> 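Just dropping this structure here.
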Amino acid sequence: MHSIEIEVKRLPHAEGLPLPSYATEHAAGLDVVAAESLTLAPGARHAVATGFAIAIPHGYEVQVRPRSGLALKHGITCLNTPGTIDSDYRGEVKVILANLGSEPFEIARGERIAQLVPAPVQRAVFAEVAELDDTARGAGGFGSTGR
Ligand SMILES: O=c1ccn([C@H]2C[C@H](O)[C@@H](COP(=O)(O)OP(=O)(O)OP(=O)(O)O)O2)c(=O)[nH]1
Ligand SMILES: [Mg+2]
């Protein structure tokens with residue numbers, strides 16, 4: 001299967017931590033671990049350090065997605081899901097975790113908190129026009145076809 005290469009730089013506070021990696025042979029997402037430990041109170045959010053920075057090839061992005069187990073069992077999700085890592089971003093990758101559950105959630109340094117899915121990017125130019133073409137849907141949306 002085709003893989004793109006993403007350069008990764010380990011930051012000092014990531015010493016001893018695994019870099020993002022696939023948990024199984026055909027996993028779609030590379031699991032990423034927390035580079036800090038913290039407790040997330042119910043309703044709280046935090047940009048969790050991962051301890052690495054990346055250089056994604058132009059034409060690609062990396063999506064930051066929640067782990068379903070944390071979401072289902074504990075209400076922990078990525079608030080901005082899917083998070084977008086731009087190919088020109090060189091800062092530390094962070095995972096914006098939110099606790100939608102009812103209990104405080106402890107995150108240990110080294111614990112897997114999210115997954116990264118590289119994806120191709122389609123860029124576009126917005127061409128301004130006076131009128132758009134007619135369609136059957138028209139301006140209908142937000143449930144216009146029924147519940
Ligand atoms: O979950 C995320 C989302 C974003 N980022 C970093 C990488 C990304 O390239 C940058 C900007 O993200 P985004 O464009 O989503 O945020 P913004 O609010 O538009 O910030 P900016 O004005 O810096 O683009 O922040 C992360 O580390 N984790
Ligand atoms: Mg932006």
Side-chain angles (χ1 to χ4, degrees), residues 1-130 132-133 135 137 139-144:
M1 191 196 199
H2 172 71
S3 291
I4 60 166
E5 187 172 293
I6 294 176
E7 294 182 355
V8 58
K9 179 183 174 186
R10 187 190 296 272
L11 302 175
H13 54 286
E15 200 183 315
L17 292 179
L19 290 171
S21 66
Y22 292 110
T24 63
E25 190 181 355
H26 297 295
L30 298 107
D31 288 331
V32 52
V33 305
E36 60 180 319
S37 51
L38 67 144
T39 301
L40 213 49
R45 60 182 182 268
H46 184 78
V48 183
T50 64
F52 65 86
I54 55 179
I56 305 163
H58 299 318
Y60 292 87
E61 61 160 333
V62 166
Q63 299 178 355
V64 184
R65 301 191 194 171
R67 297 187 66 213
S68 64
L70 291 181
L72 180 63
K73 293 177 203 159
H74 306 287
I76 300 296
T77 190
C78 297
L79 188 57
N80 59 328
T81 191
T84 305
I85 311 295
D86 301 285
S87 67
D88 54 0
Y89 178 69
R90 297 292 176 271
E92 179 176 9
V93 172
K94 301 231 173 144
V95 176
I96 304 171
L97 286 186
N99 183 354
L100 306 184
S102 51
E103 301 293 329
F105 185 72
E106 281 185 27
I107 298 161
R109 186 175 184 272
E111 183 175 354
R112 292 177 297 158
I113 52 171
Q115 53 189 323
L116 305 180
V117 179
V121 167
Q122 178 64 62
R123 298 196 87 203
V125 172
F126 272 47
E128 187 173 1
V129 295
L132 301 174
D133 66 337
T135 68
R137 171 181 288 276
F142 316 103
S144 67

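Since we're looking at a predicted model, the values are computed, not measured. Numbers here simply count residues along the sequence, with the first being 1. One-based numbering, in listed order, for ligands and for the atoms of each.
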> Taking only residues at least two apart or on different chains, which pairs with a member in residues 93-114 satisfy ring-ring contact (aromatic ring centres under 6.0 Å, His included)?
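Those involving residues 93-114 are His74-Phe105.
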> Show me a pair-per-line table, with atom names and distances to 0.1 Å, of protein N or O atoms that are under 3.5 Å from an N or O of ligand 1.
residue, atom, partner, partner atom, Å
ligand 1, 1 (O), Asn80, ND2, 3.0
ligand 1, 9 (O), Asp86, N, 3.0
ligand 1, 9 (O), Asp86, OD2, 2.5
ligand 1, 27 (O), Lys94, N, 3.0
ligand 1, 28 (N), Lys94, O, 2.7

> Look at the side chain of Gln63 and the backbone N and O of Leu116, then say whether any donor-acceptor pair between them is shorter than 3.5 Å.
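Checked: no pair found.
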> Ignoring hydrogens and geometry, is there a side-chain-to-backbone donor-acceptor pair from Arg90 to Ala55 under 3.5 Å?
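Checked: no pair found.
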> If you compare all heavy atoms of Val32 against all heavy atoms of Phe52, which two are closest, and at what distance to 0.1 Å?
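Answer, listing the atom of Val32 first, then Phe52: CG2-CE2, 3.5 Å.
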> Is it the case that the side chain of Glu92 and the backbone of Thr50 share a donor-acceptor pair, with hydrogens and angles ignored and the cut-off at 3.5 Å?
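Between the backbone of Thr50 and the side chain of Glu92 there is a qualifying donor-acceptor contact (under 3.5 Å).
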> Keeping the roles fixed (side chain from Asp86, backbone from Asp88), state whether a donor-acceptor pair exists under 3.5 Å.
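Not confirmed, Asp86 side chain does not pair with Asp88 backbone.
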